[in-house]
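Worksheet for the structure shown next.
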Amino acid sequence: MKQYDHRKIEGKWQEEWEKADIYAANDASDKKKFYPLVEFPFPSGSGLHTGHIRSYTAMDIVARKHRMQGENVLYPIGWDAFGLPTENYAIKTGRQPKDVTKENTDNFRRQLKSLGLSFDWSREVNTTDPEYFKWTQWIFLKMYEKGLAYKAKIAINWCPKDKIGLANEEVVNGCCERCGTPVEQREKEQWMLAITKYADRLYDDLDGVDYLERIKIQQRNWIGRSEGAEISFPVKDSKENIQVFTTRPDTLFGVTYVVLAPEHPLVSRLSAANRDAVDSYVSSASKKDEIERTDAKKEKTGVRLEGVVAVNPANGVEVPVFVADYVLAQYGTGAVMAVPAHDERDLSFAKKYDLPIRLVIEPLFVKTDGVDAVRSDKPFVERTAALCIVKHWSEDTYLCSKWKSNDWQGFITGGVEDGESVALAAEREIAEETGYKSAKYVRTCGRLHSQFYHGVKGVNRFAHFDVVYLELQDGDVAEMAQEEKDLHDVHWVSRSDVRNFVNREDMKTAWDMFSGSQCLTGDGILANSGAFDGLDSEGARRKITDAVGGSWVKKFKLRDWVFSRQRYWGEPMPMIYCARCGWVPVPEKDLPVELPAVQKYEPTDTGESPLAAIDEWVNVKCPNCSGPARRETDTMPNWAGSSWYFLRYVDPKNKEVFADPKKLSLWTPIDWYNGGMEHTTLHLLYSRFWHKFLFDLGLVPTSEPYLKRTSHGMILAEGGEKMSKSRGNVINPDDLVDTYGADTLRVYEMFMGPFDQAISWDGRGLIGPRRFIERVYSLAQEVSGESLGREADVLLQKTVQKVSVDIESMGFNTAISALMILANKLGDEANVPKEPFSTFLRLLAPFAPHVAEELWHDLGNKDSIHMAPWPVADQSKLAEEESTIAVQINGKVRATFKASKAATKDDLEGAAFSLDEVKKWVGENNPKKVIVVPGRLVSIVI
RNA sequence: GCCGGAGUGGCGGAACUGGUCAGACGCGCACGACUCAAAAUCGUGUAUCGAAAGGUGUGUGGGUUCGACUCCCACCUCCGGCACCA
């Protein structure tokens, strides 16, 4: 009997597959195309890690299944090889980055091949290959041509350790994403890409793609679009206007001061009486780094521009003007109107500088069961009415109000002494208006914070409400009478009952709102707002904006992309600076601009790229005037090459264009892109941006590159920590492939847990998949007989169906579980014939390609199993199956019986009652109610 | 603070659109077989209380339902992302 020896099997088949080239994608096929994509790795010195394997194996399974389904599959791989780690490693070891890259990619390639991944290796791309980055440079030139690439002097995030400028996206908590060093601000000339011009489309087009919802949300958050008004505040006795941006123009009447960011140009232009104080504040603000500036928790600071007064365009009220660094220059207009009553930041500033607080929004919302019922569009609200019993926060007074069907009706009565009579009146009134006959039951009681005029000390006082919720509908009147009684007894306005609803915390909240220590930031009804009183926030926004001549605009958090890096190991910018002609693009025919061979490529402290020191490379003739000129010495960030690599796979050797349009329209868009959660903001956004740009030039057929995007969960070390070299808990795939085999490793990584969730490595867990494969292997040695047992056959059909579905929905763990169940069942059978076993093998093939291939050939097949047709479930066999019906008595399952799938309700009910077990439980009792769900159960209530 | 996601056995995790006594599959563990012995392998068992009948159990507390891990509400905990974006 043959023993399973993965070392023998896996190497052999990897060779065979390569020889027969079975995974090559066909550019000239009329089969349906399928283009799955995984993020190409950065070939680091430490080799492949478990996360790569998880993602690559998953998409390999998908690719293999589709190939077996007869589709023309393009499953490519390449190398995202530019980048700091290689450069730093090269500097440390005194070697050329190019050589280090070569070595690392060779190692990665070997490792990937040892896993039996079905990549089309003939399409391998490498971002550091001049034949590749020629086109990266070419796309950049196109962007320059269209005005999307520009050079600007900006304060950039500078990492003093890596000596490199960072994009905002690369700064995490004010520190360098890579090395964790706190980032400094430096003014530098940088190449920028105007991604903000695409912000709207990058946002809107998410609606049309199939990304995991959380990925879409992250993208939207990152783009950070918000709509609002730009409103002008004229400066008194001056020609200047302060333009502010606000999403809450409905609070315009509540403005009590205006704030400028320290970098705002008006700060120096306006004539402040305290010029010195203002200037020193501005300069101290500029010295603070990003972390300090953007820490929301720190106390707000600012300086008033003495003598400068802004005029509220809504009501002519004159308000002071401040400069304060809690306002960001880069966002909106760099100036805000401050409404301390309805904005927490403004409130804390106002309190510190003793500025007035003006309430202009009444919080008119019902909070019941945690649902903001007034604004809720939940169906039950449509049929619901509420009576609100109100207790004044300080006085022993009750009010009653009513509310129904998404529509606030206001209070029907003012303060009264006798709550009960008011409640009854309100209830009657509701019944009349809604047409419902009477109240059915109390739904719940919750709380309601609202504001009402009570005339105490001439201000709006906040009160605390208790809500009694009545669902009004036609129904059994007798039943209701009792419930109504309960309602009154339990909930109506005996004062002691009210005490049960009103707890101290609620009272405190109400008090805090009134006293201004808590801020009402939600929407509500306008008050103290002149002609706009009584409007709701939503409707008032546009009206007020229009009334003061403001404009309605969209703003974004997204900023333009800092595209320059002052390092060696990246794509050189194809730009030349000529004193006479300015910036001149390198002519297309001179692309690629290659990196010169250098001895030293350490970064410089001056912030200049190491390339700047190489005179013979830097000094060139101006392509325009042939005068003396200098090359741009910045290089591109490593996001550049990965922004379009998936297009190059389509036509990797093309020397004329980045890819043949015909091939692009055959293969793109990508059907399914899987990658790490860490790339769902930056890489995804950048590559979508580039793709849209190419689409606008008519160079790619679709405006979105990826139809579907999923993400795998991270694999953590045993114990739940991150895997890292420094912790010494990194798993080396080479060892695992050697001791357990690639098939076992693949199955283990897919079986260990839900694909999209983070999970800890468990070294012992590998043994399960290994045993499973061994069991399959020994099962294969006993294939014999003519037919399979009926039960096993049905299970086989079910498994075919389940595995097919699970692969598409990334349920790899449950697919493998189903295969294990089937293998166990087959093991129990007296004999397993060849045909059903070969079906099983084909289901297994995507997961464990080597052993499946070996056993497939043992069965006498000549061609590869990976080219064999994917099994289809025999529906007729599944339909024949009887279903087991459960019999529930008072909600508990007491018996089961078998019935055909066609059995009617009456059949099932009769069958259920004839069971002894059921008779025992039902006994003398008459069933009150019987519910029959065909194919599932009979539920008897006694 | 805001936005997502998740809380199920000793562990990783199953459970279709609420419906066949929740815990599949795998790991681990216990016992048994084989062995001089061990490993490997195979078999049996493995939420919990109870002698049994029968209860109780999916973070906590309520609710809806004939029936809830699944739906609704409140609360607690953990993870991920964003965070003075007006």
Side-chain angles (χ1 to χ4, degrees), chain A residues 173 212-218 220-222 224-226 228 244-248 251 259 293-298 300 324-328 330-339 342-346 348-349 368-371 378 380 443-444 446 555-559 677-678 680-681 713-714 720 747-748 751-754 756-769 771-772 774-775 778 802 805 811 813-814 816-821 824 827 883-898 927-931 933 935-942:
Chain A
N173 290 331
L212 288 182
E213 199 48 40
R214 60 187 166 135
I215 296 176
K216 287 192 186 184
I217 289 166
Q218 278 196 18
R220 289 202 187 97
N221 286 347
W222 196 268
R225 180 166 83 184
S226 53
V244 303
F245 172 70
T246 178
T247 55
R248 293 297 302 278
T251 63
V259 192
R293 273 291 288 275
T294 58
D295 181 6
K297 281 180 284 265
K298 73 150 204 248
K300 295 184 175 26
D325 69 359
Y326 80 92
V327 172
L328 305 174
Q330 311 92 312
Y331 184 75
T333 57
V336 302
M337 58 179 228
V339 186
H342 306 294
D343 183 285
E344 294 194 12
R345 297 154 298 179
D346 296 341
S348 67
F349 189 83
T368 323
D369 286 358
V371 178
K378 295 246 163 71
F380 77 82
R443 226 188 147 77
T444 182
K555 296 285 179 191
F556 299 91
K557 286 205 269 191
L558 186 70
R559 314 213 187 128
M677 211 52 208
E678 70 276 18
T680 52
T681 41
M714 219 192 326
V747 172
Y748 169 67
F751 181 63
M752 62 197 299
D756 56 349
Q757 279 172 35
I759 195 157
S760 304
W761 187 264
D762 176 11
R764 287 180 307 190
L766 275 153
I767 195 70
R771 284 181 189 148
F772 164 63
E774 282 175 6
R775 219 172 305 139
S778 61
K802 177 154 182 65
V805 170
N813 54 335
T814 49
I816 291 167
S817 153
L819 289 170
M820 286 172 168
I821 293 169
N824 292 345
S883 46
T884 309
I885 308 294
V887 184
Q888 289 186 347
I889 291 155
N890 285 349
K892 291 215 177 294
V893 176
R894 297 298 182 184
T896 59
F897 65 94
K898 296 242 178 198
K928 204 165 151 193
K929 196 169 180 183
V930 179
I931 292 158
V933 183
R936 293 218 184 264
L937 54 68
V938 177
S939 181
I940 301 165
V941 188
I942 51 176

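Below, chains carry the letters A, B, ... as their sequence lines are ordered, and counting in each starts from 1. These values consider heavy atoms only, across backbone and side chains, with no hydrogens, waters or symmetry-generated copies.
Separating the CD1 atom of A/I767 from the P atom of B/C42 is a distance of 10 Å, rounded to the nearest angstrom. Atom pair A/L819:CG and B/A14:P shows a separation of 16 Å (rounding to whole Å applied). Atom CZ in A/R220 sits roughly 19 Å away from atom C1' in B/A83 (whole-Å rounding). In this structure, the OH atom of A/Y748 is 19 Å from the P atom of B/C25, given to the nearest Å. Rounded to whole Å, atom C1' of B/G13 lies 15 Å from atom CZ of A/R764. B/A14 atom P lies 10 Å from atom NZ of A/K802, rounded to whole Å. Going from atom CZ of A/F556 over to atom P of B/A86 covers 12 Å, rounded to whole Å. Whole-Å rounding puts the A/L212 CG to B/G81 P distance at 16 Å.
In terms of phosphate contacts, A/Y326 brings no side-chain nitrogen or oxygen within less than 4.0 Å of OP1 or OP2 of B/A86. Between A/N813 and B/A14, a side-chain N or O to OP1/OP2 separation shorter than 4.0 Å is present. Using a 4.0 Å cut-off, some side-chain N or O of A/S226 falls inside it from OP1 or OP2 of B/A86.
The aromatic rings of A/Y326 and A/F349 lie tilted to each other, with the angle between the two planes from 30° to 60°.
Between B/C34 and B/U70, the distance separating the two C1' atoms is 47 Å to the nearest Å. If you take atom C1' in B/C21 and the same atom in B/A30, they sit 26 Å apart, rounded to whole Å. Comparing B/A24 with B/C78, their P atoms are spaced 30 Å from each other, to the whole Å. Rounded to whole Å, the P atom of B/G59 lies 27 Å from the corresponding atom of B/G54. Comparing B/C42 with B/C27, their P atoms sit 10 Å apart, to the nearest whole Å. A distance of about 35 Å separates the C1' atoms of B/C3 and B/G10, rounded to the whole Å. On the C1' atoms, B/C11 is 11 Å away from B/C29, given to the nearest whole Å. Comparing the C1' positions of B/A47 and B/C73 gives a spacing of 29 Å, expressed to the nearest Å.
Side-chain atoms of A/R559 and A/Q330, non-hydrogen and from C-beta on, do get closer than 4.5 Å to each other. Looking at A/Q888 and A/I931, their side chains never come closer than 4.5 Å, going by heavy atoms from C-beta outward. Side-chain contact between A/V930 and A/V938: present, with at least one pair of heavy atoms (C-beta onward) separated by less than 4.5 Å. Between A/V259 and A/M337, the closest side-chain pair of non-hydrogen atoms is not below 4.5 Å.
Of the candidate nucleotides B/C66, B/G81, B/A86, B/G81 has the atom nearest to the side chain of A/Q218. Listed candidates were B/A86, B/G19, B/A14. Nearest to the side chain of A/L937 is B/G19. Considering only the side chain of A/S817, B/C25 comes nearest among B/A86, B/C25, B/C66. For A/T246, the listed nucleotide lying nearest its side chain is B/A86; candidates were B/G19, B/U20, B/A86. Of the candidates B/C84, B/A14, B/C25, B/C25 carries the atom nearest the A/N824 side chain, counting heavy atoms from C-beta on. In this structure, the nucleotide among B/G28, B/C66, B/A86 sitting nearest to the side chain of A/R771 is B/G28. Counting only heavy atoms from C-beta on, A/Q888 has its side chain closest to B/G19 among B/A24, B/A14, B/G19. When distances are taken from the side chain of A/D762 to each of B/C84, B/C27, B/G19, the shortest belongs to B/C27. Nearest to the side-chain atoms of A/K557 among the listed nucleotides B/C84, B/C27, B/C82 stands B/C82. In this structure, of B/C82, B/C66, B/G28, it is B/C82 that holds the atom nearest to the side chain of A/W222.
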Checklist entry - Given A/Y331 and A/F245, is the side chain to side chain contact (heavy atoms under 4.5 Å, CB included) satisfied, shown in steps? => result CA-CA 9 Å; A/Y331 184 75; A/F245 172 70; 3.9 Å; yes
Checklist entry - Are A/I816 and A/V747 close enough, and set up right, to give a side chain to side chain contact (heavy atoms under 4.5 Å, CB included), and what steps lead you there? => result CA-CA 8 Å; A/I816 291 167; A/V747 172; 3.9 Å; yes
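Across all strands, A/I931 comes closer than 4.0 Å to base atoms (heavy-atom distances). The residue A/T247 sits close only to the backbone: its heavy atoms come under 4.0 Å of sugar-phosphate atoms, none of a base. Contacts of A/I759 with the nucleic acid, taken as non-hydrogen atoms under 4.0 Å apart, involve only primed sugar atoms and P, OP1 or OP2.
B/A40 is unpaired under the Watson-Crick or G-U wobble criterion, no partner having all donor-acceptor distances under 3.5 Å. Pairing for B/C2 is with B/G81, a Watson-Crick or G-U wobble pair whose two hydrogen-bonding atom distances lie under 3.5 Å. When Watson-Crick and G-U wobble pairs are counted only if both distances are under 3.5 Å, B/U17 pairs with no nucleotide at all. In this structure, B/G50 makes no Watson-Crick or G-U wobble pair, since no nucleotide meets both defining distances under 3.5 angstrom. Base pairing analysis places B/G7 opposite B/C76; the two distances defining the Watson-Crick or G-U wobble pair are each below 3.5 Å. Look at B/U35: it lacks any Watson-Crick or wobble partner with both distances under 3.5 angstrom. When both distances must be under 3.5 Å, the Watson-Crick or G-U wobble mate of B/A24 does not exist.
The closest side-chain donor-acceptor pair between A/Q218 and A/T680 falls under 3.5 angstrom.
Classification of B/G54 as anti follows from a glycosidic angle more than 90° from 0.
A donor-acceptor pair is defined here as one N or O able to donate and one able to accept, closer than 3.5 Å; no such pair exists between the side chain of A/N813 and the backbone of A/M752.
Between A/Y748 and A/W761, the ring center distance clears the sub-6.0 Å criterion.
Remark on RNA chain B: of its neighbouring residues A/M752 and A/P769, the 5'-side contact belongs to A/M752, judged by nearest-heavy-atom nucleotide. If you find the closest nucleotide of RNA chain B to A/G768 and to A/I885, the one lying nearer the 5' end belongs to A/I885.
Heavy atoms only, all atoms of each residue included: A/V339 and A/T251 are closest at CG2-OG1, 3.4 Å.
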Next on the checklist: At under 4.0 Å between heavy atoms, how does the protein contact nucleotides 1-6 of chain B? Give one character per nucleotide, 5' to 3', with B, S or -.
Outcome noted: --SS--
